[in-house]
A.B. asks: 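Sharing a structure with you now.
Sequential numbering from 1 along the given sequence is applied to the chain's residues. All values derive from a computational prediction rather than experimental measurement.
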Amino acid sequence: MRRAVCPGSFDPITNGHLDIIARASRLYDEVYVAVMINKSKKGLFEIEERIDLIRTVTAEYGNVRVEAFHGLLVDFCKQRDIPAIVKGLRAVSDFDYELQMAQMNNGLSGVETLFVPTNPTYSFLSSSLVKEVAAWGGDVSHLVPADVLTALTERLNKD
């Protein structure tokens with residue numbers, strides 16, 4: 001079975017993330033979405049909320065599993081026999097950082113990283129930008145799945 005992982009914080013998942021996950025799901029038998037736990041950062045959504053949203057918006061693929069992880073991504077990969085990390089690249093600035101991470105991960109464990117160019121429609125998109133625009137009342141409906149938009153709107157109106 002060919003396995004890969006798409007890691008990130010996904011706070012919240014965007015259409016850009018979803019595009020990369022969908023493309024990976026067509027290339028691999030099983031794709032893990034690893035939701036990073038960073039105890040030093042307070043996200044807009046709790047980890048379990050992110051996991052639930054990702055499970056909802058990826059349910060149609062049938063071969064996507066969603067789990068939280070804390071620690072080294074290569075340990076997550078080793079524990080699940082995952083030989084490949086799939087990362088979307090938006091711009092050259094992403095490549096600089098991601099190349100260093102890919103080389104470190106490969107050196108630590110032999111896990112390969114595959115870079116997928118982001119769909120140009122989403123080349124500017126980040127979770128941080130979505131949250132900022134939504135917090136100021138901007139329309140982000142074309143940037144996130146409908147279920148995420150609902151959760152985002154409810155969360156921002158609550159706070």
A.B. asks: Taking all non-hydrogen atoms of both residues into account, name the closest pair between G88 and D94 and its distance.
C.D. replies: O-OD2, 4.4 Å

A.B. asks: If I take atom CG from residue N63 and atom CZ from residue R26, how far apart are they, to the nearest 0.5 angstrom?
C.D. replies: 10.5 Å

A.B. asks: What is the distance from atom OG1 of T118 to atom CD1 of I20, rounded to the nearest 0.5 Å?
C.D. replies: 4.5 Å

A.B. asks: Between D11 and K131, does any NZ, NE, NH1 or NH2 come within less than 4.0 Å of an OD or OE carboxylate oxygen?
C.D. replies: yes

A.B. asks: Where do L114 and Y28 land on the side-chain contact (heavy atoms from CB on, under 4.5 Å) test, with the steps shown first?
C.D. replies: CA-CA 12 Å; L114 301 160; Y28 290 92; 2.6 Å; yes

A.B. asks: Honestly curious: do L73 and I54 fall in one hydrophobic cluster under the side-chain, below-4.5 Å linking rule?
C.D. replies: no

A.B. asks: Tell me whether S9 contacts the main-chain N or O of M36 through its side chain, where contact means a donor paired with an acceptor under 3.5 Å.
C.D. replies: no

A.B. asks: What is the distance from atom CG of L152 to atom CG of N157, rounded to the nearest 0.5 Å?
C.D. replies: 9.0 Å

A.B. asks: Any side-chain heavy atom of T14 within less than 4.5 Å of one from L143?
C.D. replies: no

A.B. asks: When you measure from the side chain of D147 to the backbone N and O of L53, does any donor-acceptor pair fall under 3.5 Å?
C.D. replies: no

A.B. asks: For the side chain of R90 and the backbone of L125, is there at least one donor-acceptor N/O pair under 3.5 Å apart?
C.D. replies: yes

A.B. asks: Shared ILVMFWY cluster between M101 and L108, side chains joined below 4.5 angstrom?
C.D. replies: no

A.B. asks: Just how far is it from atom CZ of R23 to atom CG of N119, taken to the nearest 0.5 Å?
C.D. replies: 6.5 Å

A.B. asks: Answer yes or no: is there a side-chain heavy-atom contact under 4.5 Å between V144 and I13?
C.D. replies: no

A.B. asks: When you measure from the side chain of R55 to the backbone N and O of V66, does any donor-acceptor pair fall under 3.5 Å?
C.D. replies: yes

A.B. asks: If I compare all heavy atoms of F69 with all of P7, which pair ends up nearest, and what's the gap?
C.D. replies: CE2-CB, 4.4 Å

A.B. asks: Going from CD on E98 to NZ on K87, what distance comes out if it is rounded to the nearest 0.5 angstrom?
C.D. replies: 4.0 Å

A.B. asks: Assigning hydrophobic clusters by single linkage (Ile, Leu, Val, Met, Phe, Trp, Tyr; side-chain heavy-atom cutoff under 4.5 Å), is V31 placed with V111?
C.D. replies: no

A.B. asks: For E112, which residues count as a salt bridge (charged side-chain N to carboxylate O under 4.0 Å, His left out) partner, sequence neighbours excluded?
C.D. replies: none

A.B. asks: Going by heavy atoms in the side chains, are S127 and H17 under 4.5 Å from each other?
C.D. replies: yes

A.B. asks: To the closest 0.5 Å, what do you measure between CD (E154) and CG (L149)?
C.D. replies: 10.0 Å

A.B. asks: Would L89 end up clustered with L129 when hydrophobic side chains under 4.5 Å apart are linked, directly or stepwise?
C.D. replies: no

A.B. asks: Which atom pair, heavy atoms only, marks the closest approach of S25 to V64?
C.D. replies: CB-CG2, 4.1 Å

A.B. asks: Under a single-linkage definition using a 4.5 Å side-chain heavy-atom cutoff for Ile, Leu, Val, Met, Phe, Trp and Tyr, are Y61 and F10 assigned to the same hydrophobic cluster?
C.D. replies: yes

A.B. asks: Could you go through residues 75-86 and list every donor-acceptor pair under 3.5 Å that involves a side-chain atom there, pairing it with any protein atom two or more places apart or in another chain?
C.D. replies:
residue: R80; atom: NE; partner: E67; partner atom: OE1; Å: 2.8
residue: R80; atom: NH1; partner: F76; partner atom: O; Å: 3.1
residue: R80; atom: NH2; partner: E67; partner atom: OE1; Å: 2.7

A.B. asks: Does R155 reach the main-chain N or O of L44 with its side chain, forming a donor-acceptor pair under 3.5 Å?
C.D. replies: yes

A.B. asks: What do the steps show when you test T113 against N106 for side-chain contact (heavy atoms from CB on, under 4.5 Å), and what is the final call?
C.D. replies: CA-CA 8 Å; T113 300; N106 186 265; over 6 Å; no

